[in-house]
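To start, the structure under review is shown below, and the notes come after it.
Every heavy atom of this structure was used, including side-chain atoms; hydrogens, water molecules and symmetry mates were not.
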Amino acid sequence: MSDQLQIALLAGGWSIVVALIGLSLLWWGRRRSLRVLVPGVVVVAVAAALAGVYGAARAMFVSPHDFTVMAWVLCIAGVITCLCAAVVGWAFSRWSRSLQQAVGSFAETGQFEALRDMPAELDGISRELASASIRLGLAREREERLEGSRRELISWVSHDLRSPLAGIRAMAESLEDGIAEDPDRYHRQIRAEVDRLALMVDDLFELSRINAGSFHVNREPVSLSDLVSEALASAEPMARTRGVGIDGVVDDGLQLQADPGGISRVLSNLVTNAIRHTEVGGAVHIHATSRDSSIELSVADGCGGMPDHELERVFDMAWQRSRARTPTQATAFSSGAGLGLAIVRGIIDAHGGTISVTNAPPGCRFLVRLPG
C-alpha cells in the first residue's frame, strides 16, 4: 500500500469518527431551532476536517509549526463559515416563524395567503396551504348552501305535510259527523291528498338515497326516442288540463348507456316542472341530439324567464319559484314540495353528466349533457 493511500485512509478514519460523534449530537438535539442546527452542521464539518488534518499530520510527521498554521487556517475558515451558517439558520427560523403565525391565523379565520420570498420547500408548503384555504372556502360555501337548503326543506315539507293532513282531518271529521254535503267528493279529495303525501314521501326517500350516495346506476342501452315518447304520453293529460302544448324531437337512432328508470325520472320531473310553470297557451319543447361525443337533452318551457339569482337556486332542495305557502295542485307527476329538480340533479350527477338552466325566451331552457 502506498504512503499516499495510507495517509488518506488515516485522515478519513479520523474524520469519520468525529463526524459520527457530531451527527449523533445533532440527532440528539434535532428538536432545537434551525438557528442552532445549521451552525451545528458547519461545526461538525469543520471538526471533521480538523480531525482529518490532525491524522494526516501525524502520519506525515508535519512540524508543530506547520500543523499550528494549518489548524489556525481551518479554525478561522470554520468561524467565518459558522457565522454564515448562523445567518442562514436565523433566516430559516424567521421564515418558519412567519409560516407558523400564518398557519395559526389560518386555523382561526380559515383564510391563508401564500407568503413570498421563501425557500422552495417553505414556499411549496405555503402555496399548498393557500390552495387548501381556497378549497376549504368553497367547501364552506357549499356547506352553508346545503344547510340553508336543509332548513328550507324542513320548512317547506313541514308546511306541505301539515296542510294536506289538516284537510284530511277536517274532511274525515265531516264524514264522521255526517255533515258532508257530497261524501263522494270528500272521498276523492282525501284520496288525492293521500296520493300527494305518498309522492312527497317517495321524493324524500329518493333524495335521501342520492345524498347518501346509495343511488346506484344500472347502465344499459337506452333509446331516448322511447323515453321521450313515454314522457310525452304521461304528461299529456296534465298539459291538456293546464292548456299547455307539448312536443318532442329526437335524432334518429339516439341511444346512451344509462339507467332507464333514472333517466325516465329526469324527463318526467323536467317536463312536469315545465308544464307547471308555463303560462296558459304556451308550449313545452323537448329536444334530444348528439354533440361532441355526448348526448344533449333539452326541455324548454314558457315560464317567462327568471332572474339570475333564481337561476342559481332552481336545483336547491325545497326551493320553489313561488314564495306563496299555498301548495301547488297535486298531480300524478310531482309532490309539489320543490324536490323534483334536486332529484334531477342528483340523478344526472350519478350518471357523470351535467345539468344547467338558462333563460331562453319565452321561458327557460334546461339542458342535460350525458356521456354518449
Side-chain angles (χ1 to χ4, degrees), residues 135 138-139 142-143 145-150 152-154 156-157 160-161 195-235 248 250-251 253-274 286-299 313-320 331-357 366-372:
R135 293 195 297 270
L138 295 176
R142 287 195 299 269
E143 183 63 26
R145 287 198 301 267
L146 286 174
E147 185 61 29
S149 297
R150 292 189 188 99
E152 289 189 358
L153 176 63
I154 294 173
W156 277 107
V157 171
D160 285 356
L161 287 174
D195 289 342
R196 180 171 177 272
L197 290 174
L199 285 171
M200 188 186 301
V201 171
D202 290 343
D203 281 351
L204 286 170
F205 177 71
E206 190 73 13
L207 192 59
S208 68
R209 288 178 58 212
I210 292 172
N211 290 336
S214 59
F215 178 83
H216 299 293
V217 177
N218 299 316
R219 297 181 184 273
E220 60 181 76
V222 178
S223 172
L224 267 182
S225 179
D226 293 342
L227 291 182
V228 171
S229 296
E230 293 173 2
L232 291 173
S234 299
V250 181
D251 291 354
L254 200 58
Q255 288 191 340
L256 72 159
Q257 292 287 330
D259 186 295
I263 300 302
S264 179
R265 182 71 179 271
V266 167
L267 275 170
S268 176
N269 286 6
L270 288 176
V271 172
T272 301
N273 178 77
I286 306 173
H287 183 220
T289 185
S290 176
R291 190 185 305 276
D292 298 332
S293 70
S294 65
I295 303 297
E296 288 190 355
L297 176 64
S298 66
V299 178
R313 298 205 57 200
V314 292
F315 299 108
D316 290 350
M317 290 186 299
W319 184 85
Q320 295 184 358
T331 69
F333 306 90
S334 172
S335 64
L339 304 178
L341 293 180
I343 293 173
V344 166
R345 182 176 61 178
I347 295 175
I348 296 301
D349 288 345
H351 280 79
T354 61
I355 183 169
S356 60
V357 58
F366 289 82
L367 179 63
V368 175
R369 288 189 176 92
L370 291 168

Donor-acceptor pair, side chain of [X] and main chain of [Y], under 3.5 angstrom:
X    : Y    : result
S268 : S264 : no
R369 : S356 : no
S294 : R291 : yes
D259 : N218 : yes

Can you name the closest pair of heavy atoms from [X] and [Y] and give their distance?
X    : Y    : result
S225 : V250 : N-CG1, 3.9 Å
S290 : L254 : CB-CD1, 3.7 Å
V271 : A235 : CG1-CB, 3.6 Å
S298 : L367 : CB-CD1, 4.0 Å
G352 : R219 : N-NH2, 4.5 Å
A258 : I263 : CB-CG1, 3.7 Å

Legend entry - Test log, rule side chain to side chain contact (heavy atoms under 4.5 Å, CB included), inputs F366 and N273: CA-CA 10 Å; F366 289 82; N273 178 77; 3.9 Å; yes
Legend entry - CG on L224 to NE2 on H287, rounded to 0.5 Å: 11.0 Å
Inset, instruction - Enter the distance from L256:CG to E220:CD here, rounded to the nearest 0.5 Å. - result: 10.5 Å
Inset, instruction - Applying side chain to side chain contact (heavy atoms under 4.5 Å, CB included), run through L370 and L297 and close with a yes or a no. - result: CA-CA 8 Å; L370 291 168; L297 176 64; 5.9 Å; no
Inset, instruction - May I have the step-by-step check of side chain to side chain contact (heavy atoms under 4.5 Å, CB included) for Q255 and I295, ending in yes or no? - result: CA-CA 8 Å; Q255 288 191 340; I295 303 297; over 6 Å; no
Legend entry - side chain to side chain contact (heavy atoms under 4.5 Å, CB included), paired with H351, selected from D349, I348, I347: I347
Inset, instruction - List the steps and the verdict of side chain to side chain contact (heavy atoms under 4.5 Å, CB included) for L270 and I355. - result: CA-CA 11 Å; L270 288 176; I355 183 169; 4.3 Å; yes
